[in-house]
Amino acid sequence: MLELRNVSYHPATAAQPVLRDLNLTLPVGRVALVAGRSGSGKTTLLEVISGLAEPSSGTLLWEGQPLNGRQRRWLCGLVFQFPERHFLGLSVGQELKLGHRRLTADQAQEVLTLVGLEGLSLQQAPEQLSGGQQRRLALAVQLLRNPRVLLLDEPTAGLDWAVRGEILELLTVLAQERAVLVVTHEPDLFRGVSNDRWRLEDGQVQKPILTMPTPQDGEP
């Protein structure tokens, strides 16, 4: 179980903290969801959890043990919004081998099968994949690291309805052996997938959430 205790994050360039005394518990075996409008700090929350940013105060713990940034980077796998923009390999095989030089073709196919890409050619260029396939490839890249915590930033953004449903089903499977946290501005899409649901507002998480408020005119 991952715990955030009184975590705050106040970058030097900001007048106010982005996260304020935030408390959150992410158990293994379940999909948790944090919803919030654009600019509410959802991506920042993932960066702090994953060790890409250090909290200004507070503690993050795994199974009751405090974690430093390096330990969080080993523990967590982070899939960014539109992860296709972060692909570095010229082929699917190269993308999977980044950081895994000894990865065999069989191991590559095994992880591709896990995310529903069985039979995909390792010579295929990532940019030639569909949007749903690219999300699955990004998940496969992170799963090779065997993270205990999987963090996803808007995993259904830009996908059509059918592909969104497939990604949601996949998240349920992946959560069986790890903690999964999704941040999104569309919580209604995740009904039936997550029972652990919070809203991020004014730098703090509030529970429960039922639906997001309708944006007022001029709001993103």
Side-chain angles (χ1 to χ4, degrees), residues 2 4 24 26-53 72-73 75-89 92 95-96 98 111-118 120 126-127 129-200 205 209 211-212 220:
L2 181 72
L4 282 69
L24 194 62
L26 303 176
V28 173
R30 290 154 68 176
V31 178
L33 181 135
V34 170
R37 293 192 177 98
S38 297
S40 61
K42 300 188 303 297
T43 299
T44 300
L45 173 61
L46 296 188
E47 291 174 345
V48 169
I49 292 175
S50 66
L52 296 181
R72 300 200 308 277
R73 287 190 292 274
L75 185 76
C76 300
L78 173 59
V79 178
F80 293 99
Q81 184 178 9
F82 302 117
E84 58 272 17
R85 298 175 183 174
H86 301 273
F87 289 150
L88 300 174
V92 169
E95 191 68 29
L96 294 173
L98 291 173
V111 73
L112 290 175
T113 297
L114 179 61
V115 299
L117 292 177
E118 60 273 9
L120 183 69
E127 63 268 19
L129 302 176
S130 68
Q133 288 176 319
Q134 289 175 335
R135 300 296 164 84
R136 291 171 184 270
L137 176 59
L139 282 168
V141 170
Q142 292 303 318
L143 291 176
L144 283 172
R145 301 178 53 248
N146 194 29
R148 300 304 311 278
V149 180
L150 187 59
L151 308 169
L152 300 105
D153 191 351
E154 303 281 5
T156 57
L159 302 179
D160 62 39
W161 285 101
V163 177
R164 284 178 175 181
E166 294 172 357
I167 295 297
L168 296 180
E169 290 179 6
L170 176 59
L171 294 184
T172 302
V173 173
L174 296 180
Q176 294 176 3
E177 298 181 355
R178 54 186 59 82
V180 174
L181 174 63
V182 173
V183 301
T184 180
H185 69 284
E186 299 179 301
D188 288 347
L189 295 178
F190 295 83
R191 289 187 182 276
V193 175
S194 172
N195 292 320
D196 298 323
R197 298 158 65 88
W198 297 269
R199 178 182 294 123
L200 182 59
V205 290
I209 68 169
T211 185
M212 288 296 293

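Only this structure's heavy atoms are used, side chains among them; waters, hydrogens and symmetry mates stay out.
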Rounded to the nearest 0.5 Å, how far apart are [atom1] of [X] and [atom2] of [Y]?
X: Leu117; Y: Arg135; atom1: CG; atom2: CZ; result: 13.0 Å
X: Leu114; Y: Leu139; atom1: CG; atom2: CG; result: 9.0 Å
X: Arg72; Y: Leu78; atom1: CZ; atom2: CG; result: 12.5 Å
X: Thr156; Y: Leu189; atom1: OG1; atom2: CG; result: 5.0 Å
X: Phe80; Y: Leu52; atom1: CZ; atom2: CG; result: 5.5 Å

Requested in this report: Quick one: do Val92 and Leu129 satisfy side chain to side chain contact (heavy atoms under 4.5 Å, CB included)? Show the steps, please.
Outcome: CA-CA 10 Å; Val92 169; Leu129 302 176; 4.2 Å; yes
Query - Where Gly77 and Pro147 come nearest, the two heavy atoms and their spacing - result: N-CB, 3.4 Å
Report task. Check Val183 against Pro155 and note the closest heavy-atom contact, atom names and distance. Result -> O-CD, 4.1 Å
Query raised in the report: Does any donor atom in the side chain of Arg136 or Gln133 lie under 3.5 Å from an acceptor atom in the other side chain?
Result: no
Query - Residues that Glu154 engages under side-chain contact (heavy atoms from CB on, under 4.5 Å), provided they are two or more places apart - result: Lys42, Gln81, Ala157, Thr184, His185
Do [X] and [Y] have side-chain heavy atoms sitting under 4.5 Å apart?
X: Val141; Y: Leu98; value: no
X: Ile49; Y: Cys76; value: yes
X: Val193; Y: Thr172; value: yes
X: Phe87; Y: Leu137; value: yes

Query - Under 3.5 Å donor-acceptor, Arg164 side chain and Leu159 backbone - result: yes
Query raised in the report: Between Glu95 (side chain) and Leu88 (backbone), is there a donor-acceptor pair under 3.5 Å?
Result: yes
**Report entry** For Arg178, salt bridge (charged side-chain N to carboxylate O under 4.0 Å, His left out) partners two or more places apart
**Finding:** none
Query - Within 6.0 angstrom of Arg30 CZ, more than 12 heavy atoms from elsewhere - result: no
Report task. Count the heavy atoms of every other residue, nucleotide or ligand shown that sit under 6.0 Å from CD of Glu166, and state whether that count exceeds 12. Result -> yes
Report summary line: Tested for side chain to side chain contact (heavy atoms under 4.5 Å, CB included) against Leu4, the lone hit among Val48, Leu24, Val205 is Leu24
